[in-house]
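Have a look at the structure below before the remarks.
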Protein chains: 2
Amino acid sequence: MKENKAYNSKKLDKNSVLPIYYQLAKIIEKKIVDGILKPGEKLSPEHELASRYNISRMTVRKALQELAKVNMIYTEKGKGTFVSKPRLENTVFELKDFHDEIKKMGMEPRTKLLGVEIIKADKNLAKKLNLEINTRLVYFRLLISAEGEPLLYENKYIVYSKKMPILESELKDPSLTNLATQHGNYFPTMSKRILNAAVANSKEAEILEIKKNSPVFVVEQYLYDNEKKPIGWGKSVCRGDRFKFTSYIGWTMDSILE
Amino acid sequence: MKENKAYNSKKLDKNSVLPIYYQLAKIIEKKIVDGILKPGEKLSPEHELASRYNISRMTVRKALQELAKVNMIYTEKGKGTFVSKPRLENTVFELKDFHDEIKKMGMEPRTKLLGVEIIKADKNLAKKLNLEINTRLVYFRLLISAEGEPLLYENKYIVYSKKMPILESELKDPSLTNLATQHGNYFPTMSKRILNAAVANSKEAEILEIKKNSPVFVVEQYLYDNEKKPIGWGKSVCRGDRFKFTSYIGWTMDSILE
DNA sequence: GAGTGGTCTAGACCACGCG
DNA sequence: GCGTGGTCTAGACCACTCA
């Protein structure tokens with residue numbers, strides 16, 4: 001095709017505070033966003049970019065790496081580097097610890113411990129945690145509120161392994177990971193979460209002070225140790241009228257180097 | 001502290017098919033997972049790792065980069081490299097195009113076009129798309145099903161800018177991005193999505209063949225061009241009994257080099 | 001076999017954090 | 001001032017792809 005007339009190359013300022021690889025990445029990004037380089041098209045080979053801009057190939061690679069990190073380009077070994085098709089549908093919704101989520105919303109979360117007890121696993125829990133029936137578990141019931149309004153009702157079960165008082169400080173971080181670390185001998189290394197849409201049942205509605213059958217998010221969390229053995233399970237019911245998940249995705253590189 | 005007795009260093013196999021940086025990353029990962037290196041602790045400086053393992057510093061950096069990519073370590077300029085605290089609550093839920101989601105579930109999606117028309121923006125749409133009232137929009141109504149069962153009801157609005165017939169092939173990818181690319185003169189570069197929990201209203205319930213007030217996910221999507229001007233908006237209602245979002249997070253590096 | 005990206009080296013200079 | 005990570009160079013060899 002040879003549509004690269006090359007001498008339209010913007011210059012790199014080697015004395016700039018901005019790293020050269022960043023400047024180059026920006027130049028290529030602009031060509032893509034402006035449509036000079038179209039999705040599917042092949043970029044010039046690395047060695048050619050290196051000689052064209054009078055920089056080392058490693059620096060070119062660093063620039064391309066940044067663009068690859070945000071999915072604007074991809075490489076195929078032995079073939080070349082290509083412009084990706086924009087896939088603005090591939091978004092991710094972040095869900096951090098709910099305490100953090102609430103802080104992010106600009107409020108101060110408060111945790112109320114509704115109950116803690118040692119229980120024996122029933123059939124259902126035994127199955128979820130892949131344990132024998134009657135294995136002892138620590139069972140937490142928590143209510144998280146902000147500004148006097150209940151937001152979140154949580155039930156968490158941790159495999160019991162050591163006696164530990166409930167510390168006031170724990171309520172500052174009632175995440176499953178933290179509870180398991182405090183109340184179990186296991187070191188959690190893996191976690192699985194499932195997000196469901198549901199409606200509040202009578203009990204949940206009462207606790208959350210919403211109407212029965214109001215929409216809620218239900219987040220289940222499984223926690224595993226480094227041998228993939230389950231060590232905890234939790235279920236959080238969040239008010240649908242107070243939580244939503246937002247995600248942004250951009251066909252730009254703005255995320256890097258903020 | 002000097003707890004690095006150093007000569008416990010596992011050896012690197014320079015003739016292995018596995019890259020050296022990957023072998024080193026795995027060695028360090030193991031030290032972290034085994035608790036030899038604890039969260040918050042400082043790693044040996046890069047130059048020290050380089051000389052200890054008889055490799056170049058650039059290779060050490062590549063190894064550390066891989067670990068940083070999965071948040072096991074982080075660097076602080078001028079200070080050093082440190083082991084992160086495990087944050088198993090910081091998960092992300094992926095939501096690709098619904099067509100892809102359905103395929104991922106092992107089913108073959110079918111899209112039915114319930115209607116297309118050119119409409120004029122009312123007050124509500126004008127506000128959402130930041131346009132004048134009465135601006136012309138293309139309005140799509142879609143129903144996506146799999147195995148004879150309706151799963152998803154979508155309403156999408158694209159800023160009208162060129163006449164285009166509705167192509168059969170479009171229904172293979174009825175994503176907002178694709179529709180906007182086909183039916184607008186704008187090149188979408190940014191997208192925002194909002195995920196809500198809700199209950200189906202009468203109309204949605206009828207179309208999705210579920211009971212009124214059943215739980216549903218509602219995904220709103222805004223699409224912008226490279227000047228951040230809105231060019232499309234959509235609302236997808238998904239059956240809560242058929243969709244859930246799952247996410248895994250692991251304190252390991254297994255994702256790299258698949 | 002020619003062209004490509006993936007890995008690696010052995011140096012170098014810099015800006016930053018801290019005492 | 002010293003130690004640290006961040007950037008950069010000018011080479012090298014390899015494995016892969018495709019004609």
Side-chain angles (χ1 to χ4, degrees), chain A residues 1-2 4 11-28 37 40-69 71-84 253 256-258, chain B residues 1-2 4 11-28 37 40-69 71-84 253 256-258:
Chain A
M1 285 294 177
K2 306 243 192 302
N4 273 321
K11 282 187 300 259
L12 296 172
D13 177 0
K14 298 204 180 183
N15 298 316
S16 165
V17 286
L18 265 19
I20 296 176
Y21 75 83
Y22 179 77
Q23 297 178 48
L24 177 55
K26 273 296 186 189
I27 290 174
I28 298 173
L37 285 168
E41 229 170 287
K42 188 168 166 301
L43 271 66
S44 308
E46 296 175 350
H47 67 85
E48 192 180 317
L49 289 172
S51 69
R52 185 191 312 169
Y53 288 98
N54 262 297
I55 57 179
S56 130
R57 193 181 144 218
M58 286 300 266
T59 306
V60 172
R61 282 179 64 73
K62 176 83 170 149
L64 297 181
Q65 192 183 108
E66 295 297 331
L67 292 166
K69 204 155 70 182
N71 293 317
M72 295 191 71
I73 62 174
Y74 61 94
T75 58
E76 288 191 22
K77 215 193 299 194
K79 294 174 75 176
T81 304
F82 305 85
V83 180
S84 310
M253 226 182 49
I256 79 166
L257 223 68
E258 328 254 338
Chain B
M1 286 293 177
K2 304 244 190 306
N4 274 321
K11 283 186 301 256
L12 296 172
D13 178 0
K14 299 204 180 183
N15 298 317
S16 165
V17 285
L18 264 19
I20 296 175
Y21 75 84
Y22 179 78
Q23 297 179 48
L24 177 56
K26 273 295 186 189
I27 289 173
I28 297 173
L37 286 167
E41 228 170 289
K42 188 169 166 304
L43 272 67
S44 308
E46 297 174 349
H47 67 85
E48 193 180 317
L49 289 171
S51 70
R52 186 191 310 168
Y53 288 99
N54 263 298
I55 57 180
S56 132
R57 192 180 145 219
M58 286 299 267
T59 306
V60 172
R61 281 179 64 74
K62 175 84 171 149
L64 298 180
Q65 192 183 108
E66 295 297 330
L67 292 166
K69 206 155 71 183
N71 293 315
M72 295 190 72
I73 63 175
Y74 61 93
T75 58
E76 287 190 22
K77 212 195 301 194
K79 294 174 74 175
T81 305
F82 304 86
V83 180
S84 310
M253 221 182 52
I256 79 167
L257 222 68
E258 324 255 340

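Every chain is numbered from 1, with letters handed out A, B, ... down the list of sequences. A quick note: this is a predicted structure, and the numbers were derived from the prediction, not measured.
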| query | Can you find a side chain N or O atom of A:Thr75 that sits less than 4.0 Å from OP1 or OP2 on C:dT4? | reply | no
| query | Hey, is the side chain of B:His47 poking within less than 4.0 Å of OP1 or OP2 on D:dG5, counting only N and O atoms? | reply | no
How many Å lie between [atom1] on [X] and [atom2] on [N], as a whole number?
| X | N | atom1 | atom2 | result |
| --- | --- | --- | --- | --- |
| B:Glu48 | D:dG3 | CD | C1' | 12 Å |
| A:Ile73 | C:dG5 | CD1 | C1' | 12 Å |
| A:Asn15 | D:dT7 | CG | P | 17 Å |
| B:Leu49 | D:dG5 | CG | P | 8 Å |
| A:Arg61 | D:dT7 | CZ | C1' | 16 Å |
| A:Lys42 | C:dG3 | NZ | C1' | 8 Å |

Nearest-0.5 Å distance that lies between atom [atom1] in [X] and atom [atom2] in [Y]:
| X | Y | atom1 | atom2 | answer |
| --- | --- | --- | --- | --- |
| A:Gln65 | A:Thr75 | CD | OG1 | 10.5 Å |
| A:His47 | A:Arg52 | NE2 | CZ | 11.0 Å |
| A:Glu76 | A:Lys42 | CD | NZ | 11.0 Å |
| A:Glu66 | A:Leu24 | CD | CG | 11.0 Å |

| field | For B:Gln23, side-chain hydrogen bond (donor to acceptor under 3.5 Å, both in side chains) partners two or more places apart | value | none
| Protein-to-nucleotide contact annotation, 5' to 3' order, nucleotides 14-19 of chain D [B base; S sugar-phosphate only; - none; under 4.0 Å, heavy atom] | --BSS-
| task | Please confirm whether the backbone N or O of A:Glu48 pairs with a side-chain atom of A:Ser51, one donor and one acceptor, at under 3.5 Å? | result | yes
| said: Can a donor-acceptor pair be found, under 3.5 Å and without considering hydrogens, that links the side chain of A:Ser44 to the backbone of A:Leu49? | reply: no
| remark: Smallest heavy-atom separation, A:Val83 atom then A:Tyr74 atom, equals O-CE2, 3.8 Å
| What pair of heavy atoms forms the shortest contact from A:Thr59 to A:Ile20, and how long is it? | CG2-CG2, 4.0 Å
Please tabulate the protein-to-nucleotide N/O contacts below 3.5 Å involving nucleotides 8-14 of chain C, giving atom names and distances.
unit_1, atom_1, unit_2, atom_2, d
C:dC8, OP1, B:Ile20, N, 2.3
C:dC8, OP2, B:Tyr21, N, 3.3
C:dT9, OP2, B:Ser56, N, 2.9
C:dT9, OP2, B:Thr59, OG1, 2.5
C:dA12, N6, B:Arg57, NH1, 3.3

